[in-house]
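One structure below.
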Amino acid sequence: MKLEKELYKIFGYKIFRPGQKEVIESLMNGDNVLAMLPTGTGKSICFQLPALLLQGTAIVVSPLLSLMEDQVQQLRSQGIKKVAAINSFLTFHEKKMIVNQLERYDIVYISPESLMSNTIIGALSSIQISLFVIDEAHCISQWGHDFRTDYLKLGELWERLNQPPCLAITATATKEVQRDIVQQLRLPDVTTHVYSVHRPNIALQIENYSDIDEKIINLIKWVKKLKGPGLIYFSSRVWAENMAARLQNEGIHNVAFYHGGLDNEDRLLIQQQFINGQLDIVCCTNAFGMGINKNNVRYVIHFHFPQHMEAYIQEIGRAGRDGENSFALLMYCDEDRFLPLSLIEHELPSRKQLDGVKKYLEMLAVSNLLFTNDDVINIQAQMGLSEGALRFLLFHLEEQKVIDQSHIKKQAISNTINSIKQIIENRLNKKINKIHEMVDFINSETCRRMYYLTYFDEKLLEKPESCCDQCGLSIESYMNDNIHQSNQLQKLLPWEQELMQIFHQK
DNA sequence: CGTTAGGGCGCTATCGCCCTAACGGTGCTATAGT
């Protein structure tokens with residue numbers, strides 16, 4: 001079959017981008033596939049095209065509501081109508097309508113949380129599933145182990161659905177994350193199509209500052225000089241908001257902030273304004289990024305450094321998708337090291353909270369009481385657990401069968417709590433290690449590009465002309481032309497300026 | 001680490017100061033009925 005012909009007929013593209021055809025052919029062949037394709041190479045085509053060609057319904061697990069809505073809308077605008085997203089935007093009635101006739105759809109987008117509902121699983125069991133797709137599959141590894149544990153149940157579900165061809169697709173995953181994805185999904189055989197994370201058109205720079213005030217002053221300097229549009233990453237919401245205001249006070253226009261605390265409407269608005277070019281700069285937390293399809297982002301600044309190399313690569317990778325020269329700047333000062341450590345520690349239940357849970361469960365068990373929804377609420381309130389931590393806890397209590405169909409196994413409580421403590425400790429160690437890797441990268445004195453490629457088990461084959469601060473790069477090409485000129489003029493004395501103007505005839 | 005919220009205290013205080021503890025980032029869901 002001529003895949004190119006179908007590609008043209010359905011999507012209007014004449015040729016495949018690197019990797020797309022290979023992935024599609026493997027899927028059409030019935031293989032399970034792990035694919036890592038660079039950002040901006042049209043990852044969704046990899047499953048959309050075979051989903052439309054194959055018999056049955058493709059299930060696409062997607063991490064964000066906005067991603068699902070985006071893709072459904074895009075497909076519909078291309079005349080592909082048999083697509084749907086099952087999520088909380090739907091009314092009960094709408095949801096029921098779709099679930100009752102799932103087989104009529106070619107592609108159904110769904111969150112891992114919705115996917116775990118018994119109604120949905122029941123409906124899925126009775127239809128033919130063409131593909132089981134995990135979009136942004138690094139979420140399994142990055143989020144599944146902590147605050148979105150439903151990601152860890154996908155493997156079991158896939159088995160229950162009789163193992164239809166599975167595609168796990170992402171832009172950024174180390175070898176270790178790739179292994180984790182395959183293991184969590186319980187894929188017995190997998191065909192991997194892994195392409196380079198190398199982004200030659202993004203120049204890398206890291207700067208050290210003695211304290212936070214110096215950093216703020218320099219951020220303002222950089223932002224005034226750099227050619228936009230740009231993204232500035234912070235690791236707290238308050239910082240993102242305050243610096244957006246500060247930049248506006250400095251006379252920089254079209255700046256907004258974005259973080260998970262905004263309501264859906266505002267988030268959508270800012271995304272749209274940034275994509276449409278009405279905003280030049282977004283000060284954001286790591287909430288901003290996935291699903292932002294903007295080609296011409298010229299720079300990404302990290303005011304705070306991300307928690308691991310993968311996140312760094314993901315975030316700087318939002319620059320220069322059009323292939324034009326772009327700039328990634330990381331601003332570091334020593335006191336930054338403590339924030340991520342403390343974030344991590346509050347993420348999972350503490351030992352004290354776990355001891356409290358243990359007491360609570362033993363009390364229920366002694367009285368021969370069932371574990372009800374009220375108990376979930378009580379535990380969360382009494383121990384002061386975040387929602388993420390609570391879900392982490394429930395996931396492991398259920399997985400280790402301390403709580404099984406509302407029954408509590410008294411003999412297992414103590415051991416399980418201990419083993420959860422162990423899991424948390426391992427998890428913390430891993431994450432702290434990742435932060436150290438990040439700080440090592442920042443403090444290293446070798447080529448930045450070679451360093452991160454090595455981290456992803458790749459070799460630097462060809463060094464771009466404008467590489468990194470260690471290899472030397474000419475910053476001028478990333479500057480805002482107008483401001484660059486006026487800065488030069490400002491340094492001149494008035495009579496020099498006049499002379500300049502005469503000679504340049506401006 | 002830095003910021004902030006909240007409690008205690010002084011002893012002219014429905015105020016102002018100081019100290020301490022807590023927090024800091026990512027997202028999904030809701031199974032009924034006019």
Is the shortest distance from a Lys or Arg side-chain nitrogen in A:Lys421 or A:Glu425 to a carboxylate oxygen in the other one below 4.0 Å?
no
Do you know which of A:Tyr452, A:Phe456, A:Tyr312 makes ring pair (Phe, Tyr, Trp, His ring centres under 6.0 Å) with A:Phe441?
A:Tyr312
First of A:Trp239 and A:Ser342 reached from the 5' end of DNA chain B, by closest nucleotide
A:Trp239
Measure from CG on A:Asp334 to C1' on B:dG2 and round the result to the nearest Å.
15 Å
Give a yes/no answer on whether the side chain of A:Arg237 brings an N or O atom under 4.0 Å of OP1 or OP2 in B:dC23.
no
For residues 120-129 of chain A, the side chain to side chain donor-acceptor pair (under 3.5 Å) pairs (sequence neighbours left out) are none
Counting primed atoms plus P, OP1 and OP2 as sugar-phosphate and everything else as base, spell out the protein contacts along nucleotides 28-34 of chain B at 4.0 Å heavy-atom distance: B, S or - for each nucleotide, 5' to 3'.
BSSBBB-
Checking A:Glu347, A:His436, A:His145, A:His308 against A:Lys431 for side-chain contact (heavy atoms from CB on, under 4.5 Å), the one that qualifies is A:Glu347
A:Asp336 CG to B:dG24 P, straight-line distance once rounded to whole Å
18 Å
Rounded to whole Å, how long is the line connecting atom CD of A:Glu345 with atom P of B:dG25?
16 Å
Measure NZ/A:Lys431 against P/B:dT26 and give the value in whole Å, please.
13 Å
Check this for me, if you would: do A:Asp355 and A:Lys352 make a salt bridge, where the nitrogen-to-carboxylate-oxygen distance has to be below 4.0 angstrom?
no
So, do A:Ile107 and A:Val72 sit near enough that their side-chain heavy atoms are less than 4.5 Å apart?
no
Check the distance between B:dT26's C1' and A:Leu348's CG and give it to me in whole angstrom.
13 Å
Taking donor-acceptor contacts at under 3.5 Å, does the side chain of A:Ser235 reach the base of B:dG25?
no
Extract the stems that DNA chain B is part of, considering only consecutive pairing runs of at least three Watson-Crick or G-U wobble pairs, both distances under 3.5 Å.
B:1-10 with B:15-24
Please report the distance, rounded to the nearest Å, between CZ in A:Arg427 and C1' in B:dT26.
13 Å
How would you list all residue pairs meeting side chain to side chain donor-acceptor pair (under 3.5 Å) that involve residues 166-178 of chain A, not counting sequence neighbours?
A:His138-A:Thr170
State plainly whether the residues A:Asp404 and A:Lys409 are in salt-bridge range, i.e. N to O under 4.0 Å.
no
When the C1' atoms of B:dT12 and B:dC17 are considered, how many whole Å apart are they?
16 Å
In whole Å, measure the gap between the P atoms of B:dT3 and B:dG25 for me.
15 Å
Could you list all the ring-ring contact (aromatic ring centres under 6.0 Å, His included) pairs where at least one residue sits in residues 263-297 of chain A, not counting sequence neighbours?
A:Tyr258-A:Phe288, A:Phe274-A:Phe288
Those residues that, when tested against A:Asp440, pass salt bridge (Lys or Arg N to Asp or Glu O under 4.0 Å) (two or more places apart):
none
If I take atom CD in residue A:Glu335 and atom C1' in nucleotide B:dC1, what distance separates them, rounded to the nearest angstrom?
6 Å
Does a distance-only test, which skips hydrogens and angles, find a donor-acceptor pair under 3.5 Å between the side chain of A:Glu347 and the base of B:dG25?
yes
Which value, in whole Å, describes the distance between the C1' atoms of nucleotides B:dT14 and B:dG7?
16 Å
Measure CD/A:Gln307 against C1'/B:dT26 and give the value in whole Å, please.
9 Å
